[in-house]
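Throughout, residue positions are numbered sequentially from 1 according to the sequence presented.
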Amino acid sequence: MANVTPSITVNTTVADDETMALATKMHWVSSVIFGIIFMIIGLTGNSLSILVWRRKVMKSSTGTYLIAQAVADSGLLVFFFITDTIKMIWPEIANSYAYGSFFSYIGYPIFFLFVVCSIWLTVGVTVDRYIQVCWIMHAKTMCNDKRAYTGIGIITFLCFVINLPHFMTYKPVSDDMRSPDEAAFMQTDFGSGEGSMRYEFWVHCMFLVLVPWATIFILNMLIIRQVTRANKRMEEKRSSFASGKVKRSESQITRILLTVTFTFLVLIALQCITQCFFMLKDAAGNRRIINEAFSVAKLGIVINSSINFFLYCLTGRRFRKELGHIMFRHCACARNAYMRESSTGDSNNSSMDKSKSSMTSSSKF
């Protein structure tokens, strides 16, 4: 019996090392390869989405929420690159005290602030659409730009308050307190203790992820039920052509938002399940494995912040039409500018040719 314990210890250590190696490899692939691809796609798509939703014909309380969400998603992608991808590409940067201070006090907490804001702005836009679909009599007074800006402000403030513990998770380490090849930041007593674990699981995972997930799912079910009832009533009262035309017109934004929010439900569910599984499995074990696993799970959040533009294009005819107007206008402006430069260049060349010919004629005389 005396030889059993060492054998179990060795096997456990080997298993932990293998798990850590796999988690690290997956972290590199998700952060560097997929992270950079989705960051470029997401920043481009979110910028185009903001331009479209700002157009006069697209302005609404829903569009205001979607603009705010595009801003939050863009911030999330930028800070994911700064706090995660760049460390995997250039590991030596983590040894810089300047980067350690930035990561501890700005990068890490602000990234999670954008994560929480993006999640709850999705809830906000779902509630806005639910009111417009299910509470039609109150839609004009409750769904306008002023109410939307107020809702965005309240969501941002509450997310900041709830996210405050992330500002106390890491601290910088000065050069004289570590070896040159060690990271210039480390977890605080709070960040490495049970308080941080409880916060990440009960507050961040359960309240900040699971509650929005359930809220969005329930509201989407109610929206679908109301839209189905409304479509049946329209079919009974109108001709087939008029009914089809009205249904297409009135369900554009609803179809877009249902697609966006259901995609959100799937991607966030994958992230939350992965995070909670590793936290429960290693609650008293290897924190590095938890951190590496969560870094992989964050890819679901990154993807969710990158693909909304394509979902808008896929499900929204009006969105595609306005996007086409923007692209055509910019192409037309570029073409006109090129034509003006060409005509200016031709006129300058013509003037130079005339001056040369006149000089040649005068020299002959």
Side-chain angles (χ1 to χ4, degrees), residues 20-21 23-44 46-47 70-118 156-157 159-193 195-197 199-200 203-204 208 271 275 286-299 301-302 305-306:
M20 184 65 196
T24 303
K25 185 176 181 180
M26 293 175 62
H27 182 187
W28 191 91
V29 172
S30 63
S31 295
V32 177
I33 299 178
F34 292 107
I36 293 176
I37 292 173
F38 283 109
M39 184 193 69
I40 296 172
I41 293 173
L43 291 177
T44 304
N46 289 331
S47 300
V71 173
D73 287 340
S74 298
L76 186 155
L77 294 171
V78 170
F79 273 81
F80 176 81
F81 177 81
I82 296 174
T83 60
D84 202 294
T85 303
I86 196 170
K87 287 192 302 180
M88 304 303 293
I89 298 175
W90 184 20
E92 293 78 11
I93 196 174
N95 303 331
S96 167
Y97 181 76
Y99 181 82
S101 300
F102 170 82
F103 180 86
S104 301
Y105 299 136
I106 299 176
Y108 181 82
I110 296 300
F111 168 76
F112 279 99
L113 176 61
F114 280 123
V115 170
V116 177
C117 284
S118 177
T156 304
F157 175 74
C159 289
F160 177 81
V161 172
I162 296 174
N163 192 59
L164 282 176
H166 280 133
F167 286 88
M168 301 178 290
T169 303
Y170 284 92
K171 64 180 180 180
V173 181
S174 58
D175 296 339
D176 58 345
M177 298 294 292
R178 59 183 176 85
S179 61
D181 59 343
E182 289 182 342
F185 56 91
M186 63 179 295
Q187 289 185 325
T188 61
D189 293 338
F190 168 78
S192 59
S196 176
M197 288 290 294
Y199 168 78
E200 293 293 344
V203 178
H204 194 268
L208 297 182
Q271 179 267 327
Q275 180 184 358
N286 194 331
R287 292 296 301 273
R288 289 184 61 206
I289 295 178
I290 297 173
N291 292 334
E292 294 291 342
F294 179 61
S295 298
V296 177
K298 284 191 293 189
L299 184 62
I301 302 174
V302 173
S305 299
S306 305

message: Can you give me the closest heavy-atom contact between Asp73 and Ser118, atom names plus distance?
response: OD1-OG, 2.6 Å
query: Taking C-beta and beyond as the side chain, do Val173 and Phe185 meet within less than 4.5 Å on heavy atoms?
result: no
Reported CG-to-CZ distance for the pair Leu77 and Phe111, which is rounded to 0.5 angstrom: 9.0 Å
- prompt: Closest approach of Gln187 and Lys171, non-hydrogen atoms and distance?
  reply: O-CE, 4.4 Å
task: Say whether, by atom type as modelled, one donor and one acceptor occur between the side chain of Asn46 and the main chain of Ser305 under 3.5 angstrom.
output: yes
task: State, with a plain yes or no, whether a side-chain heavy atom of Thr169 is found less than 4.5 Å away from one of Pro109.
output: no
- prompt: For the residue pair Ser101 and Pro172, what are the closest heavy atoms and their distance?
  reply: OG-CB, 3.6 Å
field: Salt bridge present between Arg178 and Asp175 (N-O < 4.0 angstrom)
entry: yes
Parallel, tilted or perpendicular, as decided by the 30° and 60° cut-offs, for the rings of Tyr108 and Phe103: tilted
- prompt: Can you name the closest pair of heavy atoms from Ser31 and Thr85 and give their distance?
  reply: O-OG1, 3.0 Å
- request: Decide yes or no for Ser96 and Phe102: does some side-chain heavy atom of the first lie under 4.5 Å from some side-chain heavy atom of the second?
  value: no
statement: Of Thr44, Leu43, Ile37, the one forming a side chain to side chain contact (heavy atoms under 4.5 Å, CB included) with Ile41 is Ile37
message: So which atom in Ser174 and which in Asp176 form the shortest heavy-atom distance, rounded to 0.1 Å?
response: OG-OD1, 2.6 Å
statement: So CD1 of Ile110 and CD1 of Ile82: to nearest 0.5 Å the spacing works out to 11.0 Å
task: Can you label the angle between the Phe112 ring and the His166 ring as parallel, tilted or perpendicular, going by 30° and 60°?
output: parallel
- prompt: Atom CG in Asp84, atom CD1 in Ile89: separation rounded to 0.5 Å?
  reply: 10.0 Å
field: Ile301 CD1 to Leu76 CG distance, which is reported to the nearest 0.5 Å
entry: 6.5 Å
statement: Scanning both residues in full, the closest heavy-atom pair of Val116 with Cys159 reads CG1-SG, 3.4 Å
- prompt: Just wondering, do Ile86 and Ile93 contact through their side chains at under 4.5 Å, heavy atoms?
  reply: yes
message: Ring centres under 6.0 Å, that's the criterion: do Phe167 and Phe160 meet it?
response: yes
Distance, nearest 0.5 Å, that separates CD1 of Ile106 from OH of Tyr99: 11.5 Å
statement: dist Ile40:CD1 -> Ser306:OG (nearest 0.5 Å) comes out at 10.5 Å
